[in-house]
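Residue numbers run from 1 in the order of the sequence given. We use all heavy atoms of the structure for the numbers below, so side chains are in, but hydrogens, waters and symmetry mates are not.
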Amino acid sequence: LCFSQKDVFQLKDIEKIAPKEKGITSMSVKEILQSLVDDGMVDTDRIGTSNYFWAFPSKALHTRKRKLEDLESQTERAALVEELAALRQKKEQLKAEIDKYRECDPDIIEEMRQTNKIAKEAANRWTDNIFSIKSWAKRKFGFEESRIDKSFGIPEDLDYID
């Protein structure tokens, strides 16, 4: 009705025209019209004390275009979500590959060198402490070096680490 006449109507006008032109009972016009408004197929606005209704062909065209764009964007989104999942899986695979070669990482190797240097210095400091105590025990108590080594479980070949 609104498309064919390309006009603006009040409810009372539609209630008169609809039964004649579309075969709709006047009792159900208001309900059908409200349903069309709710579905966005008919526009309505209150001006003063009257409600006006209209539906132009361009509105239906724009509505269909918008629905089509929404459907296309949903399809595009689904494809992007799928691509994102594949890229995340690829990232995890590459990360696992990198972790396999972690021991060859120059930063890790340098860190290990520094740790080894600190450990070597600490071992030599303890070795120095042991030699100092052995020397003190020999002077103070007159013990032989082999007896001190045997009593305290010190290996005979104890020496500094190079």
Side-chain angles (χ1 to χ4, degrees), residues 1-130 132-133 153-155 158-162:
L1 175 68
C2 293
F3 284 155
S4 61
Q5 295 189 9
K6 299 178 186 172
D7 203 355
V8 177
F9 299 92
Q10 288 185 337
L11 178 61
K12 63 182 179 181
D13 299 330
I14 296 173
E15 287 175 336
K16 290 178 188 173
I17 298 170
K20 294 177 189 171
E21 292 190 17
K22 302 299 178 182
I24 300 171
T25 63
S26 60
M27 300 297 288
S28 62
V29 169
K30 188 173 183 177
E31 182 181 319
I32 292 171
L33 188 58
Q34 186 59 48
S35 175
L36 291 171
V37 168
D38 292 344
D39 291 342
M41 296 176 71
V42 172
D43 290 317
T44 184
D45 203 359
R46 184 172 191 88
I47 301 173
T49 59
S50 302
N51 287 329
Y52 292 91
F53 300 90
W54 67 92
F56 299 125
S58 62
K59 164 109 174 149
L61 176 66
H62 289 298
T63 302
R64 284 192 296 272
K65 280 184 179 178
R66 190 173 55 249
K67 283 184 181 180
L68 180 61
E69 288 171 0
D70 287 347
L71 290 172
E72 287 173 351
S73 69
Q74 287 175 359
T75 302
E76 183 179 327
R77 184 181 185 284
L80 290 173
V81 166
E82 188 176 313
E83 182 180 352
L84 178 62
L87 289 172
R88 283 184 175 158
Q89 183 179 4
K90 179 76 171 174
K91 177 186 171 188
E92 289 301 317
Q93 289 172 347
L94 292 172
K95 189 175 180 188
E97 185 77 16
I98 287 172
D99 286 345
K100 283 198 298 189
Y101 300 108
R102 182 171 166 79
E103 63 198 31
C104 298
D105 184 345
D107 293 336
I108 300 296
I109 291 171
E110 184 58 33
E111 184 180 320
M112 288 170 51
R113 283 185 180 141
Q114 291 301 321
T115 303
N116 289 344
K117 181 180 177 187
I118 292 169
K120 180 180 172 185
E121 289 172 357
N124 284 334
R125 189 171 41 253
W126 279 103
T127 302
D128 193 37
N129 291 342
I130 291 170
S132 294
I133 291 173
I154 300 171
L158 178 69
D159 202 356
Y160 294 99
I161 301 172
D162 292 326

Rounded to the nearest 0.5 angstrom, the NZ-CG distance for K67 and L71 is 9.0 Å
In short, I109 meets C104 closest at the heavy-atom pair CD1-O, 3.7 Å
inquiry  = Under a 4.0 Å threshold between the charged nitrogen and the carboxylate oxygen, would K100 count as salt-bridged to E97?
reply    = yes
Closest heavy-atom pair, T44 versus F53, reported as atoms and distance to 0.1 Å, is OG1-CE2, 3.4 Å
- Message: Under 3.5 Å, is there a donor on one side chain and an acceptor on the other for E110 and Q114?
- Response: yes
Rounded to the nearest 0.5 Å, the CD atom of E31 sits from the CG atom of L36 at a distance of 11.0 Å
Between the NZ atom in K91 and the CG atom in L84, the distance rounded to the nearest 0.5 Å is 10.0 Å
In this structure, CD1 of I154 is separated from CD1 of I130 (nearest 0.5 Å) by 5.5 Å
message: Any non-hydrogen side-chain atom of E83 less than 4.5 Å from a side-chain atom of L80?
response: yes
Worksheet item: When you measure from the side chain of T115 to the backbone N and O of E111, does any donor-acceptor pair fall under 3.5 Å?
Response: yes
When rounded to the nearest 0.5 Å, the distance separating CG of D70 from NZ of K65 is 14.0 Å
Note: E15 and V29 closest approach over all heavy atoms is CG-CG1, 3.9 Å
Whether N124 side chain and I161 backbone form a donor-acceptor pair below 3.5 Å: yes
task = Show the numbers, then the answer: is there a side-chain contact (heavy atoms from CB on, under 4.5 Å) between D43 and W54?
result = CA-CA 5 Å; D43 290 317; W54 67 92; 3.4 Å; yes
ask   = With a 3.5 Å cut-off and no angle check, do the side chains of D38 and Q34 form a donor-acceptor pair?
value = yes
When rounded to the nearest 0.5 Å, the distance separating OG of S50 from CG of D45 is 11.5 Å
What one should report as the nearest heavy-atom pair of K120 and D162 is NZ-C, 2.7 Å
TODO: Tell me, yes or no, whether the heavy-atom count around Q93 atom CD, taken from other residues, nucleotides or ligands under 6.0 Å, exceeds 12.
DONE: yes
